[in-house]
Amino acid sequence: MPVFYGTEVASRLMLGTAQYPSPSVLTEAFRRSGAGIATVSLRREAAGGAEGAAFWDMIRDLGLPVLPNTAGCHSVREAVTTAHMAREYFGTDWIKLEVIGHADTLQPDPFGLLEAARILCADGFKVFPYTTEDGVLGGRLLDVGCEVLMPWGAPIGTGLGLNNLYGLRTLRAQFPEVPMVIDAGLGLPSQAARAMELGFDAVLLNTAVARAGDPAAMATGFARALEAGRLAYEADPMEPRDMAAPSTPLLGLAVLA
Amino acid sequence: MQIFVNGTPRQTTATTLAAALADLGYAEARVATAVNESFVPAAARASHPLAEGDRLEILAPRQGG
């Protein structure tokens, strides 16, 4: 199973906690998915503080490590401040670092991401950067102290899958020892299986499960796809070829024509 | 004096962040705080002074992807 900053997690699935139709559906989806990490956020709390506490109680009952995010942050300062607030509240130095560069595409801002990662790594955070498949940026993120890369499959919430197979394959090949998570854009279990077949260590998804008609069933589908894809990766798949090649021996073929 | 709490103008006589949290109904709440876009740890709230126009962000866990 994947090891992030020295901690082995129990599954190749990291699952978000947003957009479920009800808390009970969320809980059941997590149970069926076998997810190894739950992602959470921080948002404004009304006087009294009851809503956040109730949500946090439910998440803690899942019994999983939590990965707080900086979702919605468009500047380095926002992301760094949010990370500090998350570290205090959740009691973890893990942070899913999002610095968004464009409101429509939710594409990472590579410049802000790198700067925020540099600041946070220097301050002892274990940064999980939401990045693109850009290998130069990936290298720079590793240089400033990241030990995980989380390239997008496609823009957040689109369900388009792995949009740039060449780029993702290249990134995987460029840093073979670095744990890598496909973060965002997955819509179907087959896409998660593909990520595994490419040698990625885990996937992080939310909408694909939470917005499915039956989130628990979809969670099960992703869990099985991840297992299938990983098995295929470890089994050393055959090389594809353009020309047909008979699988049944020609030797001994009867002459009946 | 007027301060801004999660974007909403509020009146308070509190002179520290800790006092303002109590004044504003967060005495029993477990939250994370920032003032003027800078993180203020829980341990520093009692000594963190507030001034007219300060912007408080008071956050707690929510759903996230």
Side-chain angles (χ1 to χ4, degrees), chain A residues 14-20 23 26 38-60 66-72 75 77-78 80-90 96 98 106 123 130 156-157 183-184 204-211, chain B:
Chain A
M14 302 156 74
L15 193 56
T17 57
Q19 305 185 77
Y20 293 85
L26 179 153
T39 58
V40 293
S41 72
L42 283 175
R43 287 294 182 264
R44 286 172 166 175
E45 182 75 326
E51 187 178 354
F55 173 74
W56 181 223
D57 285 346
M58 180 181 68
I59 297 304
R60 275 192 301 194
V66 296
L67 178 60
N69 68 29
T70 64
S75 72
R77 183 167 191 182
E78 284 176 290
V80 169
T81 300
T82 302
H84 279 277
M85 297 171 86
R87 180 162 68 175
E88 179 182 84
Y89 196 100
F90 296 109
K96 178 188 168 185
E98 294 185 30
L106 301 181
D123 202 16
Y130 163 62
I156 296 170
D183 175 13
L204 196 167
L205 53 93
N206 190 152
T207 310
V209 167
R211 304 290 284 190
Chain B
M1 65 180 173
Q2 178 171 277
I3 59 175
F4 294 87
V5 179
N6 289 343
T8 301
R10 298 288 298 267
Q11 295 294 324
T12 184
T13 57
T15 57
T16 67
L17 175 57
L21 288 172
D23 184 37
L24 295 165
Y26 294 92
E28 305 301 320
R30 184 158 172 258
V31 292
T33 54
V35 177
N36 300 335
E37 296 82 47
S38 293
F39 171 55
V40 180
R45 289 174 193 157
S47 59
H48 190 95
L50 289 185
E52 176 77 25
D54 276 353
R55 300 175 301 281
L56 278 58
E57 290 290 335
I58 304 172
L59 308 187
R62 288 292 187 282
Q63 297 80 359

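Please read these numbers as outputs of a predicted model, since none were measured by experiment.
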| message | Within the supplied structure, the quantity of interest is the number of heavy atoms (other residues, nucleotides, ligands) at a distance under 6.0 Å from Glu52(B) CD; does it exceed 12? | response | yes
| message | Filter on side-chain hydrogen bond (donor to acceptor under 3.5 Å, both in side chains), then keep only pairs touching residues 55-65 of chain B, sequence neighbours left out; what's left? | response | Arg44(A)-Glu57(B), Glu45(A)-Arg62(B), Glu51(A)-Arg62(B), Glu37(B)-Arg55(B)
Donor-acceptor pairs are to be reported for all side-chain atoms of residues 7-14 of chain B against protein atoms at under 3.5 Å, with residues two or more places apart or in another chain.
from	atom 1	to	atom 2	distance (Å)
Thr12(B)	OG1	Ala14(B)	N	3.0
Thr12(B)	OG1	Asp23(B)	OD2	2.7

| request: Go through the atoms of Leu204(A) and report whether side chain, backbone, both or neither lie under 4.5 Å from a heavy atom of chain B. | output: side chain
| message | If you define the side chain from C-beta out and look only at heavy atoms, does anything of Pro49(B) sit under 4.5 Å from Thr16(B)? | response | no
| query | Is it the side chain or the backbone of Ala42(B) that comes within 4.5 Å of chain A heavy atoms, both, or neither? | reply | both
| message | So for Phe55(A), is it side chain, backbone, both, or neither that comes closer than 4.5 Å to the heavy atoms of chain B? | response | side chain
| field | chain B contact via Ala184(A) - which portion, at a heavy-atom distance below 4.5 Å | value | neither
